[in-house]
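So the structure is just underneath, and the comments pick up after that.
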Amino acid sequence: MTRQILVTSALPYANGHIHLGHLVEYIQTDIFVRFQRLRGHKVAYMCADDTHGTAIMIRAEKEGRQPEQLIAEMSDAHQRDFAAFDISFDHYGSTNSEANRNVAHSIWAKLKERGLVAQRAVPRLFDEQKEMFLADRFVKGMCPKCRAPDQYGDACEACGATYPATELIDPRSIFTDSKPVLKDSQQSFVTLAPLQQTLTAWTQDSGALQEEVANYLKGHFLDKPLQDWDVSRPAPYFGFEIPDQPGNYWYVWFDAPIGYIASTVEWCAKAGGDADDWWRNEDAEVVHFLGKDITYFHTLFWPAMLHAAGYCLPKRVHIHGFLKVNGEKMSKSRGTFVNASRYLDFLEPGWLRYYYASKLGPKIDDLDFQSEEFVGKVNSDLVGRVVNLASRSAKFVQDVGLSETYPEDSGLFRRGAEAGEAIAAAYEACDFREAMRRVMTLADDANEFVERAAPWKLRKDPDKAAELQDCCTVVLNLFHQIMIYLTPVLPELSAKAGALLGSDMDQWSASQEPLSGREVRKFTHMMARVEAAKVEEMFTPEAPEPTSPTIDKEPLADEITIDDFLRVDLRVAEVLEASHVDGADKLLQLTLGLGGDVRRNVFAGIKSVYEPAQLVGKMVLYVANLKPRKMKFGVSEGMVAAAGTDGEIYLMSPDIGAKPGQRLH
RNA sequence: GGGCCCUUAGCUCAAUUGGUUAGAGCCGGCGGCUCAUACCCGCUUGGUUGCAGGUUCGAGUCCUGCAGGGCCUACCA
């Protein structure tokens, strides 16, 4: 039976370039898509750029241009990267399209019709000079948790806490530097509670989700009444204005997944067909691939919207983990945060496709890119075993072609054909590493056959020409069969194998019948080996950029006067005692001496970097007039000054000779 | 603190769902071949299945506890 499958990868955000982590998802989805096409199913692979939201708006503003310009440029870059990795979208759209606006409007209308939209007044920060509500990122102030200054209204970059903008201490508008006032804003909410039963049934019993995901949702959201979802954001906001709410825009996560449908609409307009035939057809299957970070948008809000608007629920939501590099999180400073384009400067796309395939299982586990393993798998599996089959047999028959009838092979080809079933099942289950394992077993068997048949000996005896041709016919057929199985993973290599043997490589069933009596082209190099040095080079950090990334992360603060500065009483202090704090993950307790008998007790979050013993006797910079803060472990009287971001911590010390108690001027 | 997942050879993973002696690939060692992109073939070292109990005729698999790792969530900084 021919299935009709609409497959999506999550929409990449137009705020950054595609990197190796993104590619885990797009390569994985593409393998699934190509597999389904090879099996003869009707497939639509839809994707688009996710373009809305404050981050885009702020960045465009910073770069002094329109957001439309920014997202157009990014869309080009994204599509170029995807094309280089053979990602075979049927259509690649944008959430900032008329199609997306239309679909969003119609879904909104349906939600209202069903009484699922609620309007409520919510107090928000309002800039009276500019006469506008301030989005989270347009207001800065002191973090209510750690009191770090200059933090945005949604989250603190210093301590990672998240909070509503209304909780900021001493908030200021980034536009006018005025103190915003609280004012009621009419916000729109999508009410999810009426859909609780539907969502529970779909998440728990439909089989659409991996078991871990179903458990997660049950334990975190579905065990209590689902809360209303705030989907509106006040202007200015780069996105779509809500039709009946002038001055309010849909939150980016409202219209982002709608892009899946809009992309289908655009594709149908171009290629023929009707988007409803994919989205409102119980016989069609919608399959989403996405990373674990966006699980709940796709497993609660999105199906709720689909259901309420009369679309079918996804048949499958396949969630994957993150990419690590050599056991650690990707990191710019370590050079392991590698963009797609940088990868292409050093290595071949096919290598990565195969390596990811050989690592990807059906679970949500993170995937670890290990340099040595990467080199080993590509070189020994692909070049040494698979391609080697062709390169050690093709040239013996390039003049005579394949035998007229497929020769006796003691059942090798038939066993390979039978293995196709299990390989296909593994692909279907997204257990690509299992599929690769099984294919490589076939390649092992084939190489063993070559060894026993020893074509290089047959070649020396003119009487054994027919035997030689038969032997190579078998080997090339096993190679062909293996390459059919690998076509979803390695389309380019597969095409080369097809050219060698005059085979189209576009049907899974071609693995079931041997080729015979046909020409064999001259063998040409099909795949290069990986040089370990190239991998290492790729992961070596580039020379520091002209503008320091640190200064970007924490831009210079607004101008102050000398009087402002003098309000802070900075003193030289000596660390008299230092100790670990029982039960604290990050804190050390310090006793500071300010000269004479003046001592202060301070808790400092520097445990990750400093040992108590190395601190005693050290001179540090002390913020003396900071209001004492009561903490779980005691009262902290001020703080010690330190610099650093992202886990780096550097205590400030005075030059030699400074004495405890001296003030900074 | 709460929840979920995980731990099998040096590394990456299997083990037909509780059934004989826990298997592959890579790496290492030995031998062979010389068609092939230093490739392939054969042999081989390597395990108290994280630890401790329990259920069972039988446990890698089920249960309990402990240790370690990951993720989510909350709190604390």
Quote, to the nearest angstrom, the [atom1] distance that separates [N] from [M].
N: B:G68; M: B:G50; atom1: C1'; result: 7 Å
N: B:C40; M: B:C33; atom1: C1'; result: 8 Å
N: B:U49; M: B:G23; atom1: P; result: 13 Å
N: B:U61; M: B:G2; atom1: C1'; result: 28 Å
N: B:G1; M: B:G46; atom1: P; result: 42 Å
N: B:G60; M: B:G18; atom1: C1'; result: 11 Å
N: B:U56; M: B:C75; atom1: C1'; result: 44 Å
N: B:C11; M: B:U34; atom1: C1'; result: 31 Å

Point to revise | A:K377 to A:Y354, cation-pi by 6.0 Å centre distance and 45° axis angle | key: no

Looking for any heavy atom pair under 4.0 Å, which part of the strands does [X] touch: base, sugar-phosphate only, or nothing?
X: A:R452; value: nothing
X: A:K457; value: nothing
X: A:F396; value: sugar-phosphate
X: A:M527; value: base

Report the distance from atom [atom1] of [X] to atom [atom2] of [N], rounded to the nearest whole Å.
X: A:E434; N: B:U16; atom1: CD; atom2: C1'; result: 12 Å
X: A:Y355; N: B:C26; atom1: OH; atom2: P; result: 16 Å
X: A:I294; N: B:C72; atom1: CD1; atom2: P; result: 14 Å
X: A:D470; N: B:C35; atom1: CG; atom2: P; result: 21 Å
X: A:Y296; N: B:C71; atom1: OH; atom2: C1'; result: 16 Å
X: A:F432; N: B:U12; atom1: CZ; atom2: C1'; result: 18 Å
X: A:M440; N: B:U12; atom1: CE; atom2: C1'; result: 15 Å
X: A:N326; N: B:U12; atom1: CG; atom2: C1'; result: 13 Å

**Study point:** A:D381 versus A:S358, side-chain donor and acceptor atoms under 3.5 Å
**Key:** no

Measure centre to centre between the rings of [X] and [Y], then say whether the value is under 6.0 Å.
X: A:F337; Y: A:H19; result: yes
X: A:Y355; Y: A:F369; result: yes
X: A:F32; Y: A:Y427; result: no

Check your understanding: Around A:R599, counting heavy atoms of other residues, nucleotides and ligands shown, do more than 12 lie under 6.0 Å from its CZ?
Key -> no

Check your understanding: Above 12 or not: heavy atoms from other molecules or residues under 6.0 Å from NZ of A:K292?
Key -> yes

Practice item. Output yes when at least one side-chain N/O atom of A:R438 is less than 4.0 Å from OP1 or OP2 of B:A14, else no. Key: no

Point to revise | Residues within residues 364-377 of chain A bordering RNA chain B, heavy-atom distance below 4.0 Å | key: A:Q370, A:E373

Please enumerate all protein N or O atoms sitting under 3.5 Å from an N or O of nucleotides 40-43 of chain B, with distances to 0.1 Å.
unit_1: B:C40; atom_1: OP1; unit_2: A:G384; atom_2: O; d: 3.2
unit_1: B:C40; atom_1: O2'; unit_2: A:R392; atom_2: NH1; d: 3.2
unit_1: B:C40; atom_1: O2'; unit_2: A:E451; atom_2: OE1; d: 2.9
unit_1: B:C41; atom_1: O4'; unit_2: A:E451; atom_2: OE1; d: 3.4
unit_1: B:G42; atom_1: OP1; unit_2: A:E448; atom_2: OE1; d: 3.4

Any idea which of [options] is nearest the [X] side chain?
X: A:K324; options: B:A14, B:A77, B:G70; answer: B:G70
X: A:W456; options: B:C6, B:U34, B:A77; answer: B:U34
X: A:V387; options: B:C35, B:U37, B:A14; answer: B:U37
X: A:R437; options: B:U37, B:C13, B:A77; answer: B:C13
X: A:R629; options: B:A36, B:C6, B:A77; answer: B:A77

Review point. What's the verdict on side chain to side chain contact (heavy atoms under 4.5 Å, CB included) for A:L352 and A:L347, showing C-alpha distance, side-chain angles and the deciding distance?
Key: CA-CA 8 Å; A:L352 190 69; A:L347 304 168; over 6 Å; no

Check your understanding: Looking only at atom types and distance, does a side-chain atom of A:E434 sit under 3.5 Å from a main-chain N or O of A:I423, one as donor and one as acceptor?
Key -> no

Practice item. Check for a donor-acceptor pair, side chain of A:R571 on one end and backbone N or O of A:V623 on the other, with a separation under 3.5 Å. Key: no

**Study point:** Parallel, tilted or perpendicular, as decided by the 30° and 60° cut-offs, for the rings of A:F297 and A:W229
**Key:** tilted

Practice item. Mind telling me whether A:Y296 and A:F301 have parallel, tilted or perpendicular rings, with 30° and 60° as the class edges? Key: tilted

Review point. So among A:V24, A:L323, A:L367, which one has a side chain to side chain contact (heavy atoms under 4.5 Å, CB included) with A:K359?
Key: A:L367

Point to revise | Syn-anti status, with the boundary at 90° from 0, for the nucleotide B:U17 | key: syn

Exercise for review: Drop me the distance from A:R385's CZ to A:N447's CG, to the nearest 0.5 angstrom.
Suggested key: 8.0 Å

Review point. Which ranges of RNA chain B pair up as stems, where a stem means three or more consecutive Watson-Crick or G-U pairs with both distances under 3.5 Å?
Key: B:1-7 with B:67-73, B:10-13 with B:23-26, B:28-32 with B:40-44, B:50-54 with B:62-66

